[in-house]
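Working notes, beginning with the structure itself.
The figures here come from the full heavy-atom set of this structure, side chains too, leaving out hydrogens, waters and symmetry mates.
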Amino acid sequence: MRIIDKYVLQELGVPFALSLGVLTFILLTREILRLVELLINKGVGIVPLLKAFVLLLPSFFVLTLPMACLIASISAFSRLSSDRELTALQASGISSRRLLRPLSIFAFAVLGLTLLLAQYAQPWSGPSVKKSVLLMLRNDVSLSLDEGVFNTPAMNVVMYVGDSAPSGESRGVFISDTRKKGEPRIIVARQWSLINDPLHDRIGMTLRDGAIHVNPKDPEQYQMIRFSTYDFTMDLTDSLSTKVEERPSIFEIRYRLSQSGGKDPQYLKLLEEEYKDMAFPFATLMFGFIGMPLGIVAKRSGKAGGFALGILIILSFYVLNVLADFWVSSRMMAPFLAAWFPNLVFGVVTLLLFQRRANL
């Protein structure tokens, strides 16, 4: 019997690891692009970026662990059914219910890990740690410019720098600055040097012997300002924003609701989010168990079909969440019930699928 448990757990483990990696990568795409931008345009080293990446992972695992559990369950039992291994087990006197034991071990293990991350690691890697990570990266930011090409170190800023002089001093720079609405600027200078002081938001260039052309395309408002020395700095908030909104505590949410008589939709949704922090990890159990009858039915789908069916189930779960959010905003459903509503629906569907399987 232990051999069967190990075998089923092995069948669950491989698609679980693959789907966890794929789903996490998909959800992390935005953050990865942001970190790559810091690496290319802001000169941040690879080691600080890897540290930031590791610190941000737990909050994404809370979302992807239940999803991966569902896909693994569907894929594993689909494979066992398509290869007639379930039929062979039944012929040996081992029913499908016996396979619930390794599936339960697997689902509860994923549930425990998800709960651990949701209650401890996710708050630790939430807004406060994101703010700390951004501050850590800010200390490593520098302005990285390539000579002889157009650079875009910041939003609405384009720079073209000339080749370095034989003495090693960089010279010749062209800057198009359209950050200020209605007042575009063209800045040219003969010589320049970098300013790298991220702690005081002084990332930019010290320009020497140049001119600023304000509104160059408008003859009536055109101005030209000559300078001997000019500090051109750029705001880092677009790439390193530390203004992360933190969710109020549950006590503050309940206090605000008591003041509004329980009718403030904003705090009703915030209270629902608090309950979802506990409800969503428990969806792991629903996802794990519902995958068994679905995988047996979709016996010829294979791993790719299991992944596609799992994504469809996840989308259905998301639609139920959106519907519950609407009911909370409309004050048609209590926040606690709305947070657990998708789990209840999937629990009923799972029981019906097992009941149907038992009657076949």
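Hydrophobic clustering, defined by side-chain heavy atoms of Ile, Leu, Val, Met, Phe, Trp and Tyr closer than 4.5 Å, groups M224 together with Y222. Cluster partners of V158 are F150, Y160, F174, I186, V188, counting Ile, Leu, Val, Met, Phe, Trp and Tyr whose side-chain heavy atoms approach within less than 4.5 Å, directly or via other members. By the 4.5 Å side-chain criterion applied to Ile, Leu, Val, Met, Phe, Trp and Tyr, V149 is assigned to no cluster and stands alone.
Of the inter-residue distances, the one linking I71 atom CD1 with T64 atom OG1 reads 10.0 Å to the nearest 0.5 angstrom. Note that the CZ atom of F77 and the CG atom of L12 stand 5.5 Å from one another [nearest 0.5 Å]. Note: T24 OG1 to M67 CE = 9.5 Å, rounded to the nearest 0.5 Å. Rounding to the nearest 0.5 Å gives a distance of 5.0 Å between CG of L80 and CD of E85. Atom-to-atom distance recorded for Y275:OH and L270:CG is 12.5 Å, nearest 0.5 angstrom. To the nearest 0.5 Å, atom CG of residue D218 and atom CD of residue E183 are 11.5 Å apart.
Counting all heavy atoms, side chain and backbone alike, P216 lies closest to H213 at CD-O, 3.8 Å. Taking both residues in full, the closest heavy atoms of T284 and A107 are given as CG2-O, 3.8 Å, listed atom of the first, atom of the second, then distance. The minimum heavy-atom distance between G288 and C69, with the atom names listed, is CA-SG, 3.8 Å. Taking each heavy atom of W192 and G172 in turn, the nearest pair found is NE1-O, 3.6 Å. When all heavy atoms are compared, the tightest approach of N215 to G182 is OD1-O, 3.3 Å. Scanning both residues, S73 and L103, for their nearest heavy atoms gives OG-CD1, 3.9 Å.
By the 4.5 Å heavy-atom criterion applied to side chains, L207 and I175 are counted as neighbours. Inter-residue side-chain proximity for K6 and I3 is flagged as unmet; no heavy-atom pair is nearer than 4.5 Å. Taking 4.5 Å as the limit, every side-chain heavy atom of T152 sits out of range of all side-chain heavy atoms of V157. Contact of the T206 side chain with the Y230 side chain is not registered, since no non-hydrogen atoms from C-beta on lie closer than 4.5 Å. Counting heavy atoms from C-beta on, the side chains of M278 and L115 come closer than 4.5 Å. In this structure, P66 and F317 have side chains that are not in contact, with every pair of non-hydrogen atoms separated by 4.5 Å or more. Looking only at side-chain heavy atoms (C-beta outward), L113 and F61 stay at 4.5 Å or farther from each other. The shortest distance between side-chain heavy atoms of I212 and V214 falls below 4.5 Å.
I105 and M292 sit in two unconnected hydrophobic clusters of ILVMFWY residues. Membership requires side-chain heavy atoms under 4.5 Å apart, directly or through other members. By the criterion of side-chain heavy atoms lying less than 4.5 angstrom apart, applied directly or through intervening Ile, Leu, Val, Met, Phe, Trp or Tyr residues, V348 is not grouped with L351; the two fall into different hydrophobic clusters. Cluster membership for V322 and L315, using ILVMFWY side-chain heavy atoms within less than 4.5 angstrom, is not shared. Note on L344: it clusters hydrophobically with L323, by side-chain heavy-atom contacts below 4.5 Å among ILVMFWY residues. Two different hydrophobic clusters hold L285 and Y318 under the rule that ILVMFWY side chains link at heavy-atom gaps under 4.5 Å.
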request  = Would you check, one step at a time, whether the test side-chain contact (heavy atoms from CB on, under 4.5 Å) holds for F16 with L65?
outcome  = CA-CA 9 Å; F16 173 77; L65 281 171; 3.6 Å; yes
task = Show the numbers, then the answer: is there a side-chain contact (heavy atoms from CB on, under 4.5 Å) between R208 and S193?
result = CA-CA 9 Å; R208 290 181 290 274; S193 59; 3.5 Å; yes
task = Under the side-chain contact (heavy atoms from CB on, under 4.5 Å) rule, what do R101 and D5 come out as? Steps first, then yes or no, please.
result = CA-CA 7 Å; R101 188 166 84 177; D5 292 339; 2.7 Å; yes
request  = With side-chain contact (heavy atoms from CB on, under 4.5 Å) as the test, would you mind laying out the steps for F232 and V173 before giving the verdict?
outcome  = CA-CA 12 Å; F232 179 83; V173 60; over 6 Å; no
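The number of heavy-atom neighbours closer than 6.0 Å to CZ of F227, taken from other residues, nucleotides and ligands shown, is above 12.
Between the S75 side chain and the A72 main chain, no donor and acceptor come within less than 3.5 Å of each other. Judged purely by atom type and a 3.5 angstrom limit, N343 has no side-chain atom pairing as donor or acceptor with the backbone of F280.
Residues satisfying the side-chain contact (heavy atoms from CB on, under 4.5 Å) criterion with D264, sequence neighbours excluded, are L257, S260, Q266, Y267. Under the rule for a side-chain hydrogen bond (donor to acceptor under 3.5 Å, both in side chains), T350 has no partner lying at least two apart in sequence or in another chain.
Contact check on E273 versus K269 returns no salt bridge, with no Lys/Arg side-chain nitrogen under 4.0 Å from an Asp/Glu carboxylate oxygen. The pair R190-D209 meets the salt-bridge criterion, with a side-chain N (NZ, NE, NH1 or NH2) lying under 4.0 Å from an Asp/Glu carboxylate O. Ionic pairing of E252 and R254 is not present here: no N-O contact between side-chain nitrogen and carboxylate oxygen is shorter than 4.0 angstrom.
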Distance-only donor-acceptor hits, side chain of residues 327-342, under 3.5 Å, sequence neighbours excluded:
from, atom 1, to, atom 2, distance (Å)
S329, OG, D325, O, 3.1
S330, OG, F326, O, 3.0
R331, NH1, K263, O, 3.4

